[in-house]
Every structure is written in C-alpha cells, then in structure tokens.
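So the structure is just underneath, and the comments pick up after that.
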Amino acid sequence: MTLVSLFIASSLSSQEKKKLNYTVYDSWKSIDRGHVISNDGKYVSYVISPQEGDSYLYFYNVDTEQLDSVHRGKSPKFAYDNSFLAFKVEPQADTVRTLKLDKAKKDKFPKDSLFIKDISSGVTTRVANLKSWSLPKDGGDWLAYMLEKEIDKKEEPKDTAQVEEETAEVTEIEKSKEEKSEIPKKEDKKEKKDKKKKFKSEGKPLIFYRPSTKDSLYIEKVSFYDIADDGSGAFIVQSVGDTTEVSKVLHFSSESFIVDTIFNKIGKISKIASDYKAAQCSFLFSDDTTKVKVDRLYHFNNKMDVPVMVMDTIHPSLSSEYSVLSKGNLNFSRDGSKLYFGVGMRPKEEPKDTLTEDEKVHVDIWNWQDKKIQPMQKKNLKRDKDPAYKCVYHIKEGKIVALESEEFRSVNVPDKGNMNIGFSFVDTPYQRAQSWSGKWSNDIYKVDLLTGKKKLLQKEVNGRSSISESGKWLVFYEPVDSAYYSINTETNAKTIISKGASVSWVDELHDTPSDAGTYGILEFTSDNKSVLVYDRYDIWQLDLLGKKAPVCLTSGEGRKNNTAFRYIKLDSEEDYIDLKNELLLNAFNDVNKQSGYYKLNKGKLEKVILGDFNIYNPLKAKNADVFVWSKSTFKQYPELRLSDASFTNEKVISNTNPQQKEYRWGDIQLVEWVASDGLTHQGLLVTPENMDKNKKYPMISYFYERSSDRMHSYYRPAPSRSTVNWSFYASNGYVIFVPDIYYRDGDPGLCAYEAIVSGSLAMADRFDFIDREHMGIQGQSWGGYQVAYLVTRTNLFKAGMAGAPVSNMTSAYGGIRWGTGMSRMFQYEHTQSRIGGTLWEKMNKYIENSPVFFAPQVETPLLMMHNDNDGAVPWYQGIEYFMALRRLDKPAWLLVYNNEDHNLTRRANSKDLSRRMMQFFDHYLKGEPMPVWMQDGIPAVKKGEDLGYDLKK
C-alpha cells in the first residue's frame, strides 16, 4: 500500500469516528481512588464509575487471571489475613433519581448493602440496611458493621450470639414493645404522661462477623465503637434503658467472639477509644441529669475489675474552670503507656434570652491590633470557640499533665505518641503580619510530657522543618543562610549541615517576590545519624552532626540528565529510611517530559522503566513483591497494571473506556519558541486527530503559569468546572495551545502578554493548519486575570473567556478571600499577583496591571464566569469589569452561577458552562450562529424555564 493510500485510509477511518459531544459525558468512566491489593498479593479489587450512573466493582485473581464484577459495588477492603473481601453496594442510581423527583422522604430511600466475599469458598454474604462498616487495620479475620434498624427477632440469624446479660436486656426491651402495641387508641392523661417519659435509644445494631467460621455476634442499640488496630478486639458503647438512659461499655474479644460488660450506669457516654491491642479503653461519661452535661474521664485495662475515673469534673493539675471535653481527641499512644485527651472550659447552660430579636445588636468589630481579621475569626469560629487543649495521662504513674494552652494550640508527640517529649509550632507572634507578609513563620518549642514545660528550640522558622521520630533531631531550612540546620533537642546544639554542597536547595524557577521554597525534606535515616533532602533533581544525605560533607545519593545523575528523582514510600507505616534497603524512585525529566521508575541500591542507581508517559506511584502488596501501578499518555487512560518489582511483563487488568476507539481524540506535542522576553519557553500543542493538512483550524490558547509538565496527562471528556477540556475541544476541531509563562516582579500582565502573544504567533507561523485569523484565549482564576488583561493590549484574539478574573488590583488588594477569611494583600506583595509592594508604594504597577482601567481599549468579545459565592476572588471583580465593558458598549457576557464557588461544584452547572463556552467559541472562531442566550439574553422572569441554547438563524 502506498503512502497516499495509507493517508486516505487513515482519513477515512478518522471520518468514520464520531466527535465527542455533551451526551458522552455521563458514560465516560474512571477508576475510583482506593483500589486495593491483598496483603499476599494474590487479589486486586478496584471500582470503575461513570460520571453519572452505577459503578462496577472488579475482583481480579492474580494466579488465575479471572476477573469478576459486581454491579454498584464500592469501597473494597481486604481482610488483613487475606481471607475475605468486603465492599458496599449502593442503591441503583435511577431508583434514587426517581425518588428525588417524587420528593420522597429520606427514610424511604433504599439503603446500602454490605457484601462479604469469602475468598477460599467463593461464597458471598449480603447484609441489607447497612449504616457503616469497618475492619481492623493491622490484623484479624473479621469485620464489624452497623445496621440502620434493628433486626426483627423472627429474621434474626440462628448463629447470632448474645451474652446472658444482654439477652435479658433484649427480652425486656421486646416486652415493652409488645405492651406498647396493645395500648388502645384513646389514652388517659396519666398514660400519656408516662409515655412521654420513655427513653428512646438512638443506638443502632452492631454485628461482629467472621466469614471463615460464620461466627456472628449481634448487639443492639450501639451508639459507637472503636476497633483495636491489631484486630484482637473492640470496645462498644451501648445505650439502653426504659425511662432513663443507661450506658454500657462492652469489651469484644475476637478470639472468643463474646462480649463482657465492663461498665453499666445511668448516664451518657460521649466518646470511647481502644488502645492498639484492645487491652485498654478510655471513655467519657456523665451522669448529669441536666441538659448541659459535664463529662468525666474513665480508664480501663483488662486486669481491672471495673473502669477507674481518672479525671472528675475538676482536677488539681488543671484550671478549676476546665473539664474534659468530647470535642477533643481521645487516643492512646501506640505502646499503651499514655492516654491523650482534650480539656477546655467547662460546659455551661446558656443564660436565658431576655431580648427579642429586634432588640439585639449584630455587629463585627474590626480592630487594627487583632492577630486575625474578623472574616478569618468567623471562618474558624466553630474550631476556635471553646477549644479543647491536649492533655496526657501517664497511665503507670497515674499522672495528668496539660500540654496545650491558648498559646500552644498544637503539641505533636513523635513515635506514634510513645515519646516523653513533644513539639509545638507556634505562629501567634506572626499571625497579624500573615495578611501581607505571605510568610507562615513558627517558633518551635520542645515540650516535656512529664512536666508540661516548654523550651524554645528555634525562633521564626520560615522554611520547611522536620522532626525525627526519635524526637532527638529538628531539621529546618534557613532562607537567610540558604542552608539546612539541625538542632539536637537534648543538648540544644545548633549545626549547619548542608555546607559544602554546591547546589540550590530552593526552587530554581521561583518567580514571585518572596523567599523561594525548598524542594523538601525527605526523611531521617534508620540509624538516626542523617537526614535526606531534595534539590531540584537529586537526593542528598546530610550528616546531622555536620561533621561529614553532604553526599549526593543519586550521584548527580538527576542534574546531569534534567531528571528529578523522588522517593516512593511503599509502606505507609514507614518512619525512617534504611539506606541498606533498595529504594524505589519516581523519575521525571523536565525537558522532554518523560517519566518512570529507578532503583537506588547502596549507592547504585538503576533505571527500571522510563518513557513518553506519566507514571504514577505504585501500590505494593504488604507481604509480596506484587505491584499495582498505572501510566498514561494524552490518548491512553491510566489503566491498572500488575507486575513484580522489575515492572516488566506488566499485565493490564482494567479496561475503563473501550468506547474511546469510536471517537475522534487528539494528538499532543511539546513545542518551544523564543518569547518577547528573550527567553526560550516551552508549551504544549494539542491538535485534532488525523488533521486535514489543507484545512485551517481555529486555535484557543489556554494558560495558567506553567503547564508543559502535563504533556502526558489524560483528559477524559467531562463537564468543565472552569476551563476548556483539551481532548473534547480537539475532537471538535480545535487546536489548543498551552504556553508556559515566566514572570518578573511588578509586571504579571506584561509577562503574560510576552509569552502568550509571541507563542500564539509562533505557532501560527510554524504550523500552516492554524487559522491565525480565528484564535481565542481562555483561562480561569489567575489565567482568567491574564485573559482580562490581554484583551486590553491586543486585538490578536477574536474571542476570550475569563473565569473568575481579577479586574481591578487596587480594589482586590484590599479584598478578602472569603473561603478562608484571609486578606488578599499577601498575594500582591509577595505571591502569585507579583506586584512586590503595597498599593501606596507601587500604585502605578497596581493600575498598569488592572484591566478595568483600560477597558476602553477592549475590542475582543469577552465571556466571563464569576460566581456569587466565590471564596477566592471576590465576585465584585467580575462585576466591575462587566459593568465597565457594558458602559462602553463592548460585547461582553457574565455567567453567574448561584451559590457556586470559585470553580463549579454542581454537575448541572458544569454541563451548562461547557455548552455555553463552546457555543461562544464556535460563534466567534468557527462562524456558527449565535445562540439565543448570547443574542437576546435570558430575562430573570424566564430563569430556569428557557436556557437559551437554541441557535439564531
């Protein structure tokens, strides 16, 4: 076959394919996060879900290569001993939708079910009316699940066990139900009064189940429970009673599959925690009969007859105003020697309201001396009101020590809480300046858990820091010295440890008016003598005593080959790195965008796999060299692959979107050009599949800082939250250009102009298929600002779409990021907006970079989206620009999605935006008719009735 005939055949094949459209969104699927592999590496489970509709759960047998599926399955989990797979099955999506249309009450909706697949027998058990379920983390061959309602006694499983005391309680409860059902319709006043006194438990049925033996244990009216991580048991809170609530604490043994009652009193338990081995528990209990209850702290171990109250409503070690709070955490150290709990202001009954609503004052007082401005305070009100401060109970010594306070709000204890020292990062002295400094500084303190005393280790740490699990070493980066330091927390000796390394530890491409951030601290070594850190490309070993020169573990190969090596943590429980072991590294080349895996073994670097794809960190079986991993290209979805540690002969075990072969897609290439700033820039060019070389295609430039590293990312067709979908637009005959932008302080708009305009012209000059007369631009947030700026400087683009743009830096500077309550000043002085000074210091720069001041120069039709609940860029920024353009009779449209944030969250709104954005570009770049919503608008009286998608003839 000749080359000409090959080209014709290829063109015909492409013509037979369909272009992507709005109807395909819902069927385009993805693999859910949370795929799992059994600890022995013999089984894998994953879930494939459409964007709307029912999912499928898959179960893959590694040895037999058999693949089974379950309709609507979700959230798979393997037992620690590999004996079973548990997962939930959700109600059918169509059924739920119908009930929503019928406005059915929530209790009428179908419930989830639990499926338990016994791996050895292949038998699957189904449990209906599921509320929740859980498995032990580090051991066990059983699980626990709660139901939405009690099981009818006639339907109760024959193998359900019950301790004698609990059986009596169930019988009594059932009797009261029977008596209640015989009460006649007409009741006298006394009976009604007595009926009101009946206590109604909010507890749910809890079942422990071992699939291999079919042993099960049913416990009614359970409020909550906590499973021991090692799988040896659990502690349960049961809420029962007739006229008054009775709280019980039960201990479940997974070995015997029975429960013992260890606590039984009138009152309420608000929280419970088990230690790692189910040898101890702690709970909060109150016997107060008033509405406001003050908890007491109890502790129990398996050698005790009954739990012991370790803290009453007051305690001599704490302020007389403090009591234990259920709001705080409750947990044991891994070794069981310590119990951590929270205390705070004792709950008090709210005073009786003596004012009517119209007599009350509602005012926020902004004080210039406040460490946090009012919006930040209000945003964190729930967290900050009546805070719980961490205390520790030393179990053997019977001693309580307060660790946290208003000043020391967070104390963390290394080695899973086992150490007798902790560390506190205090930002209080720097909070007020955070509004404009852009620095998140902390003073670092060492905390003695035996006395509660604090000792300052280092003041004003601005860079990254890390504490060893032994608690002996603090390592931090000091921007002033451009160096890493260590502090021996035992001697307080401070040492520079990076001296002698001729590399930069901070971002070499940093381009904002602030201190550059480091590439990161990796981890401490297992001998507790060194710490591993990153530079741009390589991994370095720094001696904690500073006596040995820094060692490049990757031998400089990263910098030599423009490849960044990063450690892959295969064991989530790993606390140190043992350099005697083989390390798996992720590799990424920032020039050609290739990625892959390397191995580092005792100083020797070995390439495992490297190519033109994105590669993702693998999931390893805990007890076998079996890996599940994935890689993607622009055209290839990141399917799950199975292999051994060599990552060769991999087997693809998923097939997510087989329908893709029926549709036109696109191609992608890396491009370079010399921009107006004199620098060589990189970018991406996405082109339609099998283009007609004699045809001109419209081009849309999309941008946000630097995006060329995304070359091998896969973009499934999906409704847009704010930006153009690369594969969708390519399928519909658009070229997408994605330029990298480099910035200088004070000129963010001009820098964008230099990169984007020069890049667009370079692409049009280089590729004949680009229609330079029909080019558009699109961006969101910072990219939206750049669109708004560019249309004031050039008429090169025939249409622009700006999502959530800042249009007036002078007003935005004093604005609020409502999502966090933070002032926006720091953005302009030190971070992304890159002005590099205050409004009064650099007023000209604020004005020069504000599109609204140059609105008269705009000739490009502009579509904007700015939503009325935007938590990042104040909504009025879009309004200011739109009103200016409207006043000047410039063609402009503003889409405002109600109660939506910075990026769209509601799927219906995303579908709507996608459709309108493409109609906008189709009209101006392809000459398609203008839709009704663009030409005539949609009056408020027709909102929701007429979407205006129809094209005007």
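Keep in mind that the numbers below use all heavy atoms, side chains included, and drop hydrogens, waters and symmetry copies. All figures in this text were calculated on a predicted structure; none of them were measured in a lab.
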Using a cut-off of 6.0 Å, state whether more than 12 heavy atoms not belonging to [X] lie near its atom [atom1].
{"X": "Lys560", "atom1": "NZ", "answer": "no"}
{"X": "Lys453", "atom1": "NZ", "answer": "no"}
{"X": "Glu705", "atom1": "CD", "answer": "yes"}
{"X": "Lys378", "atom1": "NZ", "answer": "no"}

Determine whether the side chains of [X] and [Y] contain a donor N or O and an acceptor N or O closer than 3.5 Å.
{"X": "Gln541", "Y": "Lys548", "result": "no"}
{"X": "Tyr813", "Y": "Glu829", "result": "yes"}
{"X": "Tyr225", "Y": "Ser134", "result": "yes"}
{"X": "Tyr430", "Y": "Asp443", "result": "yes"}

Is any side-chain N of the basic residue among [X] and [Y] closer than 4.0 Å to the acidic one's carboxylate O?
{"X": "Arg706", "Y": "Asp511", "answer": "yes"}
{"X": "Arg409", "Y": "Asp384", "answer": "yes"}
{"X": "Lys371", "Y": "Glu407", "answer": "no"}
{"X": "Lys327", "Y": "Asp386", "answer": "no"}
{"X": "Lys455", "Y": "Asp448", "answer": "no"}
{"X": "Lys599", "Y": "Glu582", "answer": "yes"}
{"X": "Asp747", "Y": "Lys845", "answer": "yes"}

To the nearest 0.5 Å, tell me how far [X] [atom1] sits from [Y] [atom2].
{"X": "Asp507", "Y": "Arg536", "atom1": "CG", "atom2": "CZ", "answer": "8.0 Å"}
{"X": "Cys281", "Y": "Tyr298", "atom1": "SG", "atom2": "OH", "answer": "12.0 Å"}
{"X": "Leu545", "Y": "Ser486", "atom1": "CG", "atom2": "OG", "answer": "7.0 Å"}
{"X": "Lys494", "Y": "Glu478", "atom1": "NZ", "atom2": "CD", "answer": "6.5 Å"}
{"X": "Leu297", "Y": "Ser282", "atom1": "CG", "atom2": "OG", "answer": "4.0 Å"}
{"X": "Cys391", "Y": "Lys399", "atom1": "SG", "atom2": "NZ", "answer": "12.5 Å"}

Check: Tyr484 ring centre within less than 6.0 Å of Trp505 ring centre: yes
Proximity of Phe524 and Tyr576 rings by center, below 6.0 Å: no
Test side-chain contact (heavy atoms from CB on, under 4.5 Å) applied to Phe341 and Ile400, step by step: CA-CA 10 Å; Phe341 61 97; Ile400 289 177; 3.9 Å; yes
Measure up the [X] and [Y] rings against each other and bin them: parallel (under 30°), tilted (30 to 60°), perpendicular (over 60°).
{"X": "Tyr743", "Y": "Trp782", "result": "tilted"}
{"X": "Phe408", "Y": "Tyr445", "result": "perpendicular"}
{"X": "Tyr846", "Y": "Tyr828", "result": "tilted"}
{"X": "Tyr485", "Y": "Phe476", "result": "parallel"}

Full working for side-chain contact (heavy atoms from CB on, under 4.5 Å) between Tyr567 and Tyr534: CA-CA 10 Å; Tyr567 174 67; Tyr534 295 120; 3.5 Å; yes
Set of salt bridge (charged side-chain N to carboxylate O under 4.0 Å, His left out) partners for Arg559, sequence neighbours left out: Glu508, Asp535
Contact summary for Pro414 and Asn412, nearest pair of heavy atoms: CD-O, 3.8 Å
Heavy-atom closest contact (Leu584 atom, Tyr597 atom, distance): CD1-CB, 4.0 Å
Sub-4.5 Å side-chain heavy-atom contact between Leu449 and His394: yes
Test side-chain contact (heavy atoms from CB on, under 4.5 Å) applied to Ser326 and Asp295, step by step: CA-CA 8 Å; Ser326 61; Asp295 286 320; 4.0 Å; yes
Chi angles and distances behind the side-chain contact (heavy atoms from CB on, under 4.5 Å) call for Leu600, Phe565: CA-CA 10 Å; Leu600 180 63; Phe565 293 114; over 6 Å; no
